[in-house]
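This structure is in structure tokens; I'll ask about it shortly.
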Amino acid sequence: MTNVNLAIIYYSSTGTNYQLAKWAEEAAKQAGAEVKVLKVEELAPAAAIESNPAWKKHYDETQNVPVATAADIEWADAIIFSAPTRFGNIPSQMKQFLDTLGGLWASGKTVNKVVSAMASAGNSNGGQEQTIHAIYTSMMHWGTIIVPPGYTDQSIYAAGGNPYGTTVTQGQDGKIVEDAEAAVKHQAKRTVQVAEWVKAGQQ
Ligand SMILES: Cc1cc2nc3c(=O)[nH]c(=O)nc-3n(C[C@H](O)[C@H](O)[C@H](O)COP(=O)(O)O)c2cc1C
């Protein structure tokens with residue numbers, strides 16, 4: 001058992017990033033962390049959600065997932081973000097959540113949290129890395145300690161070899177193309193491990 005509180009904060013329209021979040025949750029719990037899986041608030045109008053059956057299905061299926069709040073960020077020693085790519089950037093839902101946290105940032109409460117990020121896109125080179133970098137840019141402003149996976153485990157190669165964070169492609173059938181489960185789990189364990197070191201160093 002570690003003393004690390006990990007918030008896994010994701011946005012997902014059609015389930016890909018929810019799956020990444022769930023794999024991360026499993027591994028982080030195994031690593032002994034206290035874990036919360038939290039979605040950011042859906043901002044899209046009902047008509048947009050209902051126009052896409054996969055989106056509507058996932059929206060309905062994840063109604064019981066709690067919505068992330070500033071208090072969750074304050075609670076967390078470590079945060080793993082997971083977001084789909086939107087025109088080479090993060091979704092507005094995720095951005096809106098970050099933009100509600102100015103007060104927390106101003107009071108110094110985002111500093112020294114350990115952060116890592118995952119992303120998806122519809123194409124194998126559709127902007128996944130940009131999405132991760134967009135998250136990390138904000139995390140630099142927060143004064144967090146960013147923990148990319150680099151090439152610290154063989155599983156990263158099987159997932160496509162992204163050293164910035166695990167990224168996946170959503171295939172035409174809606175399923176994840178890459179063999180990414182082990183890489184996600186490695187990334188989650190590594191994030192918990194580094195958070196443990198950081199916490200121990202602060203005590
Ligand atoms: C408005 C919009 C913009 C998108 N932009 C991109 C893009 O720039 N590159 C890409 O490969 N896929 C793009 N996609 C596809 C999504 O990234 C893909 O559906 C998503 O990663 C699946 O994740 P989810 O199942 O968690 O929602 C876009 C989808 C939407 C709805």
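Counting from 1, the numbers follow the sequence of the chain as shown. Indexing begins at 1, ligand by ligand and atom by atom, following the structure's order.
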For atom 9 (N) of ligand 1, what's the nearest protein heavy atom and its distance? Gly126 O, 2.7 Å
the protein heavy atom lying closest to atom 23 (O) of ligand 1 turns out to be Ser120 OG, 3.2 Å
Ranked by distance from atom 27 (O) of ligand 1, the top protein heavy atom is Ser13 N, 2.8 Å
Under-4.0 Å salt bridge between Lys22 and Glu26: no
Shortest protein contact, atom 22 (C) of ligand 1 (heavy atom only): Gln170 OE1, 3.5 Å
So with a 6.0 Å cut-off around CH2 of Trp55, is the heavy-atom count from everything else above 12? yes
With heavy-atom distances below 4.0 Å as the criterion, list the atoms of ligand 1 near Thr16. 22 (C), 23 (O), 24 (P), 25 (O), 26 (O)
Ignoring hydrogens and geometry beyond distance, is a side-chain donor-acceptor pair present between Ser82 and Asn17 at under 3.5 Å? yes
Before giving the answer on side chain to side chain contact (heavy atoms under 4.5 Å, CB included), spell out for Thr167 and Ile132 the whole-Å C-alpha distance, their side-chain angles and the decisive distance to 0.1 Å. CA-CA 9 Å; Thr167 53; Ile132 288 199; 3.6 Å; yes
Can you find a side-chain donor-acceptor pair between Gln96 and Glu41 that sits under 3.5 Å? no
Do the rings of His133 and Tyr164 sit parallel, tilted or perpendicular, given the 30° and 60° boundaries? perpendicular
To check your reading of the model: name the closest protein heavy atom to atom 5 (N) of ligand 1, its residue, and the distance in Å. Phe87 N, 2.8 Å
Are Tyr11 and Phe81 close enough, and set up right, to give a ring pair (Phe, Tyr, Trp, His ring centres under 6.0 Å), and what steps lead you there? CA-CA 9 Å; Tyr11 175 73; Phe81 289 99; over 10 Å; no
Can you report which non-hydrogen protein atom sits closest to atom 2 (C) of ligand 1, along with the distance? Arg86 CD, 3.4 Å
State the atoms of ligand 1, each with its element, that fall below the 4.0 Å cut-off from a heavy-atom position in Pro84. 20 (C), 21 (O), 23 (O)
Quick one: do Asp72 and Lys36 make a salt bridge, cutoff under 4.0 Å? yes
What protein heavy atom lies closest to atom 26 (O) of ligand 1? Include the residue and the distance to one decimal. Ser12 OG, 2.6 Å
Those atoms of ligand 1 less than 4.0 Å from some heavy atom in Asn17: 23 (O), 24 (P), 26 (O)
Atom 17 (O) of ligand 1 [closest protein heavy-atom partner, distance rounded to 0.1 Å]: Thr85 O, 2.8 Å
Looking only at heavy atoms of Gly88, does any of them come nearer than 4.0 Å to an atom of ligand 1? yes
